[in-house]
Amino acid sequence: MSDNDIAPTLESVKYDLELLLDFSITRWFLEDEVIYALNQHDKASLLNSVKYRFYDTVNYEVKSRMLEIIADVLGDIASDWVRELWDNYDDDFLIQLSWATSSSLPAKEGLEYIFGKLQSLSDIELIMSVFSCLHRFRSNEVLDWIEINCRTFHDNWGRLAALCFPTWERMKAWLAKDDLLAWWH
């Protein structure tokens with residue numbers, strides 16, 4: 001076996017941004033060690049490389065990973081690009097774009113984009129997407145939105161509400177609603 005046949009390690013690629021991005025694509029998820037290594041690179045260079053890779057491929061997994069890097073590494077440095085992605089919205093990336101939005105844009109602005117797209121989903125699609133799209137925001141705005149948009153109970157709604165730290169007063173008001181029992185049937 002030659003050296004060319006051996007898979008690279010994080011240690012062997014962490015100082016080369018392009019090799020590190022290649023390495024990040026091979027992981028099942030964006031691991032903490034990879035996030036740390038990416039954070040050691042110049043943010044402007046990283047953003048340029050991420051954008052290039054995103055636009056240079058049709059591969060869903062690669063595009064998704066680039067959005068995860070925005071969410072977990074670049075944050076508000078990528079805010080203009082995240083707005084551009086919402087302006088040229090692609091349904092396939094709602095969840096990953098929501099993650100990038102949570103760290104890149106002010107919460108109110110980001111939630112407006114996401115709430116707008118969630119409104120267009122069917123009840124089943126909404127139930128399957130709501131937690132993944134909104135769990136990083138953890139805010140009263142999300143709780144307000146749940147109160148308006150939750151039509152039938154599902155664990156995803158409950159898990160999302162719990163992450164948003166509802167007050168006891170709010171939970172008592174939910175429990176007092178006449179239609180609460182209808183959620184459970």
Side-chain angles (χ1 to χ4, degrees), residues 29-30 35 38-39 43-44 46-55 57-58 60-175 177 179-180 182-183:
F29 60 93
L30 198 55
I35 292 170
L38 287 165
N39 268 310
K43 300 296 189 243
L46 178 56
L47 177 59
N48 288 335
S49 291
V50 164
K51 286 170 68 172
Y52 175 79
R53 286 169 183 259
F54 185 89
Y55 290 126
T57 188
V58 294
Y60 172 83
E61 299 300 330
V62 172
K63 286 180 178 272
S64 293
R65 182 54 45 89
M66 296 304 106
L67 292 172
E68 288 178 67
I69 291 170
I70 295 298
D72 293 337
V73 179
L74 290 173
D76 61 359
I77 291 166
S79 59
D80 290 339
W81 187 46
V82 169
R83 288 182 185 100
E84 179 183 314
L85 291 170
W86 280 112
D87 290 342
N88 301 298
Y89 177 69
D90 183 338
D91 290 338
D92 292 336
F93 299 103
L94 175 60
I95 291 170
Q96 296 85 353
L97 184 53
S98 295
W99 297 348
T101 299
S102 72
S103 66
S104 300
L105 300 180
K108 186 173 181 66
E109 178 186 2
L111 286 170
E112 285 178 21
Y113 284 117
I114 298 165
F115 290 159
K117 296 305 178 189
L118 290 174
Q119 290 297 125
S120 67
L121 300 180
S122 70
D123 285 348
I124 297 296
E125 291 171 320
L126 182 61
I127 287 170
M128 301 318 297
S129 300
V130 69
F131 180 82
S132 295
C133 289
L134 297 173
H135 77 278
R136 290 180 176 227
F137 285 91
R138 300 176 185 211
S139 71
N140 281 319
E141 290 81 9
V142 171
L143 292 172
D144 295 342
W145 188 84
I146 288 172
E147 288 179 1
I148 295 167
N149 292 280
C150 180
R151 293 178 197 93
T152 58
F153 180 79
H154 187 276
D155 287 353
N156 285 348
W157 290 106
R159 291 184 315 135
L160 178 59
L163 283 175
C164 293
F165 308 109
T167 62
W168 278 114
E169 291 75 28
R170 181 170 249 173
M171 288 190 291
K172 285 191 267 183
W174 290 344
L175 292 170
K177 288 186 175 194
D179 60 351
L180 182 68
W183 281 3

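Keep in mind that what you see is a predicted model, and the values were worked out from it rather than measured. Worth knowing before you read on, the calculation uses all heavy atoms, side chains too, and leaves out hydrogens, waters and symmetry mates.
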Determine whether Ile146 and Leu134 make a side-chain contact, defined as any pair of heavy atoms from C-beta on separated by less than 4.5 Å. no
Should the ring pair Trp99 and His135 be called parallel, tilted or perpendicular, given that the plane angle runs from 0 to 90° and is split at 30 and 60? perpendicular
Under 4.0 Å between a Lys/Arg side-chain N and an Asp/Glu carboxylate O for Glu169 and Lys172? no
Test your reading of the model: is there a side-chain donor-acceptor pair from Ser129 to the backbone of Glu125, 3.5 Å cut-off? yes
Intermediate values then yes/no, side-chain contact (heavy atoms from CB on, under 4.5 Å), Asp155 and Phe131: CA-CA 9 Å; Asp155 287 353; Phe131 180 82; over 6 Å; no
Leu38 to Lys43 - nearest heavy-atom pair and separation: O-NZ, 4.3 Å
Separation between CG (Leu46) and CG (Leu74), nearest 0.5 Å, reads 4.0 Å
Does some side-chain heavy atom of Glu141 sit less than 4.5 Å from a side-chain heavy atom of Ser139? yes
Rounded distance [0.5 Å steps], CD in Glu109 versus CG in Leu111: 10.5 Å
Charged N to carboxylate O under 4.0 angstrom, Arg136 versus Asp72? yes
Hey, what do you get for CG (Asn140) to SG (Cys164), rounding to the nearest 0.5 Å? 8.0 Å
Can you tell me how far the SG atom of Cys133 sits from the CD1 atom of Ile95, to the nearest 0.5 Å? 5.0 Å
A side-chain contact here means heavy atoms from C-beta on lying under 4.5 Å apart; do Lys63 and Leu67 qualify? no
Compute the ring centroids of Tyr89 and Tyr113, then answer whether they are less than 6.0 Å apart. no
Interatomic distance, Ile127 atom CD1 to Asn156 atom CG [nearest 0.5 angstrom]: 8.0 Å
Looking at every heavy atom in both Ser79 and Ser104, which two are closest together, and how far apart are they? CB-O, 3.2 Å
Would you check if Ile114 and Trp145 make a side-chain contact, meaning some heavy-atom pair closer than 4.5 Å? no
Between the side chains of Glu61 and Ser64, is a donor N or O closer than 3.5 angstrom to an acceptor N or O? no
Check Asp92 against Tyr60 and note the closest heavy-atom contact, atom names and distance. O-CE1, 3.3 Å
Minimal non-hydrogen separation, Ser103 against Ile70, with atom names: OG-O, 3.5 Å
How far apart are the C-alpha atoms of Leu143 and Leu160, what are their side-chain angles, what is the distance that settles it, and do they pass the side-chain contact (heavy atoms from CB on, under 4.5 Å) test? CA-CA 8 Å; Leu143 292 172; Leu160 178 59; over 6 Å; no
Using a strict cut-off of less than 4.0 Å between a Lys/Arg side-chain nitrogen and an Asp/Glu carboxylate oxygen, indicate whether Asp144 and Arg170 qualify as a salt bridge. yes
State whether the number of non-hydrogen atoms from other residues, nucleotides or ligands found under 6.0 Å of Tyr52 atom OH is greater than 12. no
With under 30° as parallel and over 60° as perpendicular, where do the rings of Trp81 and Phe54 fit, or are they tilted in between? perpendicular
So do the side chains of Phe93 and Gln96 get within less than 4.5 Å of each other, counting heavy atoms only? yes
Rounded to the nearest 0.5 Å, what separation is found between the CZ atom of Phe115 and the OG atom of Ser98? 10.0 Å
How about CE on Met171, more than 12 heavy atoms from neighbouring residues, nucleotides or ligands closer than 6.0 Å, or not? yes
